[in-house]
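This report concerns only the one structure given below.
All heavy atoms count here, side chains included; hydrogens, waters and symmetry mates do not.
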Amino acid sequence: MAASPAPPQAAANRVWYWQSVDDKQELRHPALIPKDDPALAKKVFLEGQKGPKYTKLSKAVFSATQGPDKSIVSLMEEQGRLTEVPRNVTLQWFEGLLLLEEVDSKGPPSQNPISWWTAEFKKWFDQHRPSIQEKFRLDERRLNAAMYVEKRLYNTAFTGPNFIDDEGKEHEFRREYKGNNPVPTEGEEKDGYFKVMDIVGYLPPWEAFVHEKCGFYQDFYCVRWLEHKDTDFSKTENGATELGCTWEPDECIPSQLDPMRLAAKQAWVTARREKDAQLRKRKSQSATPTPPPRLIKKARKRRDGAPLEKDLLNPELGHDFVPDLPEFQHGEVRSRWPKHPKDYPPGYGAASPPGFCTNSCDCMDDARAQQPWEVRKSWLEDANRSNAADQAIQHFSDQHSYVRRRGTVSKQHFFEALAIFGPGADHRAAKAAGDLAETIQNCIQETLANIPISELAQGQPPVHLPGRSYSPWKLSNDPLLCDLDYEPLRYKVTTNSGNMLPGWVSVHPVSGLITVHKQPPREALPLVLAFELISTEGITSRSHFSIVAAPPDSVPRAWCKLTARVVEQYQDRTNCPLESGIFASISKHFLEAWDYSNRSPKELSLGPWLAMMARVLKMLRSAWGTNMHLAPVRGVPLRR
């Protein structure tokens, strides 16, 4: 049965009232800042028992006032019970909605740190927000806080329970500004008071209540201090990001500075209106219907009927590219070249000398072979100079201990330094890096030979095929001849028999991401998959990996055991004399997978373990190929 609508009088008298989040704790007013109670101050400022973590809002309907000063109000709670509370713990209806909007901005209920902001509460709020008067709404999802501050609260200050103004008058939670009083020209520092340079920011109480640097239901102001204008307070409990500024509640600022308060509040209203106008403009622009995207029909075959040529980087795309015949075969370059003044635009002509080309000229044709007279400058030839240069080049080429002359076949003549791998170089660190890289490569391949399907389930860290762990990087003992040590452009994966993969598993052709879409039947495991690494040179490597049933929880992860093998090898400085910087960097990487204090492997999922090992493998191969030296990593000792 649907609930009957509230009577008009009840709907007009809706209010909010404060309650403690913990029903067992007595309510502490959300504007009360502890001063003379060290124990309470510790709970509030150090343990965070303030703001929406300590106090919450509850809905009610105003019934009546009681007492000689009408300080007690009777409320009809949402459950239908009648209760009596002090007037100062109630909140106007729209003001409470503004507070809820700030709470909602902290994230959805599942991720919101405010415990009482439940999915049910948010649903009610989203349904009720559009019913607010239009002048107090920016749209159906956002309330007009600037309008409310300007129309209802412009001359009202939200302060503490006992604010005493410059005339000695005491105010409780609310007071009117004294905006006509001039600001004192000079202050003084004494008895815990400090000189104020300016007030540069303002937060209304509903924003301050949920702000991490505030947490009380008062007006808060960003105060710049005169004697500390260059101090960074951002790390303190109420520090602002601006230099020399902190967030201060209204009760801590004397009433003589009310003109500064009003100026900061007006600046907040102006800035909020500009922000709201920009949001409204963006929304109107996004609401403008855009024409549907033009659908481009993609060809499935080449123009001659043959299959499309697959793109190397994105195998989902294909190409139909047939290069046109060069222009020179049609004689177009030579025939269309300008040879007379009339062939040039007005004001332009041929360089002189040599002047205009003739019909027999072929100098503009870059596709033809160059003539000997075109590549030699005989007027610059000096036989003695040329002979000396040839002897110098030959003498330098004979220094086989540190240089190699290249280009005898390719004709791309250059010299290659051999200082790193020459006869006089120290190869021990580079060889140690290569040996350790082989160990890591074997560990990776051994692990991928038996991948538990539980490591590929939804919610687990992603597992990528580490292509470089299978690339043929040691084709010879000369690192300069190993040119295939790079990531493949594409993975081609099939079953071990060459068939397509079953529907429950897939491997991304570019990233190598292994994905299990659903639990396979028991008889489908183990599944052996073959893959090819495809690079610009074609197929550079072939191998396989297997997906097996998940082992019992009591069985340690196999790859974690292999971590110990790698760590034991690289920490043996006698047999594995890595360069000190490489050693320190590896030690830092292995903090993810190895507990140095207990000398044991950490429990790590397969995806992060493979990613870490692949990073170390790349670095070791670089160290092997270039005899690389690194500066030690700060904070990581070279020996453990």
Measuring from [X]:[atom1] to [Y]:[atom2], what's the distance to the nearest 0.5 Å?
| X | Y | atom1 | atom2 | value |
| --- | --- | --- | --- | --- |
| R468 | Q441 | CZ | CD | 11.0 Å |
| L456 | L606 | CG | CG | 7.0 Å |
| R336 | D343 | CZ | CG | 12.5 Å |
| S469 | L448 | OG | CG | 7.5 Å |
| E102 | L143 | CD | CG | 10.0 Å |
| Q371 | D362 | CD | CG | 7.0 Å |

Which heavy atom of [X] sits nearest a heavy atom of [Y], and at what distance?
| X | Y | result |
| --- | --- | --- |
| M619 | S585 | SD-OG, 3.4 Å |
| F356 | A350 | CD2-CB, 3.6 Å |
| G107 | N112 | O-ND2, 2.8 Å |
| S535 | P488 | OG-CA, 3.8 Å |
| W609 | C443 | CH2-O, 4.1 Å |
| L604 | W559 | O-NE1, 2.8 Å |

Got a sec, which residues hit side chain to side chain donor-acceptor pair (under 3.5 Å) with [X], two or more places apart in sequence or on another chain?
| X | result |
| --- | --- |
| E274 | none |
| R385 | none |
| Q394 | D398 |
| Q278 | none |

### Query
With sequence neighbours left out, which residue pairs that include part of residues 264-273 fulfil the salt bridge (Lys or Arg N to Asp or Glu O under 4.0 Å) condition?
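Listed by first then second residue: E150-R273, E207-R272.
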
### Query
What residue pairs, at least two apart or across chains, pass salt bridge (Lys or Arg N to Asp or Glu O under 4.0 Å) with a residue in residues 608-618?
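Qualifying pairs: E487-K618, E592-R615.
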
#### Entry: Those residues that, when tested against E212, pass side-chain contact (heavy atoms from CB on, under 4.5 Å) (two or more places apart)
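Expected list: none.
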
### Message
Which residues pass the ring pair (Phe, Tyr, Trp, His ring centres under 6.0 Å) test with F233, not counting sequence neighbours?
### Response
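By the ring pair (Phe, Tyr, Trp, His ring centres under 6.0 Å) rule, F233 matches no residue at all.
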
### Query
Got a sec, which residues hit ring pair (Phe, Tyr, Trp, His ring centres under 6.0 Å) with Y491, two or more places apart in sequence or on another chain?
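Expected list: none.
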
### Message
Can you list everything that forms a salt bridge (Lys or Arg N to Asp or Glu O under 4.0 Å) with R300? Sequence neighbours excluded, please.
### Response
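Result, salt bridge (Lys or Arg N to Asp or Glu O under 4.0 Å) vs R300: none returned.
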
### Counterpart residues, salt bridge (Lys or Arg N to Asp or Glu O under 4.0 Å), relative to R405 (two or more places apart)
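By the salt bridge (Lys or Arg N to Asp or Glu O under 4.0 Å) rule, R405 matches no residue at all.
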
#### Entry: F531 and F545 aromatic ring geometry - parallel, tilted or perpendicular at 30°/60° bounds
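F545 vs F531 ring planes: tilted.
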
### Task
Quick one: sort the H211 and W247 rings into parallel, tilted or perpendicular, breaks at 30° and 60°.
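The rings of H211 and W247 sit tilted, inter-plane angle from 30° to 60°.
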
Pairs under 3.5 angstrom only: tabulate donor-acceptor contacts from the side chains of residues 497-504 to other protein residues two or more places apart or in another chain.
unit_1: S497; atom_1: OG; unit_2: T495; atom_2: OG1; d: 3.1
unit_1: S497; atom_1: OG; unit_2: N499; atom_2: ND2; d: 3.0

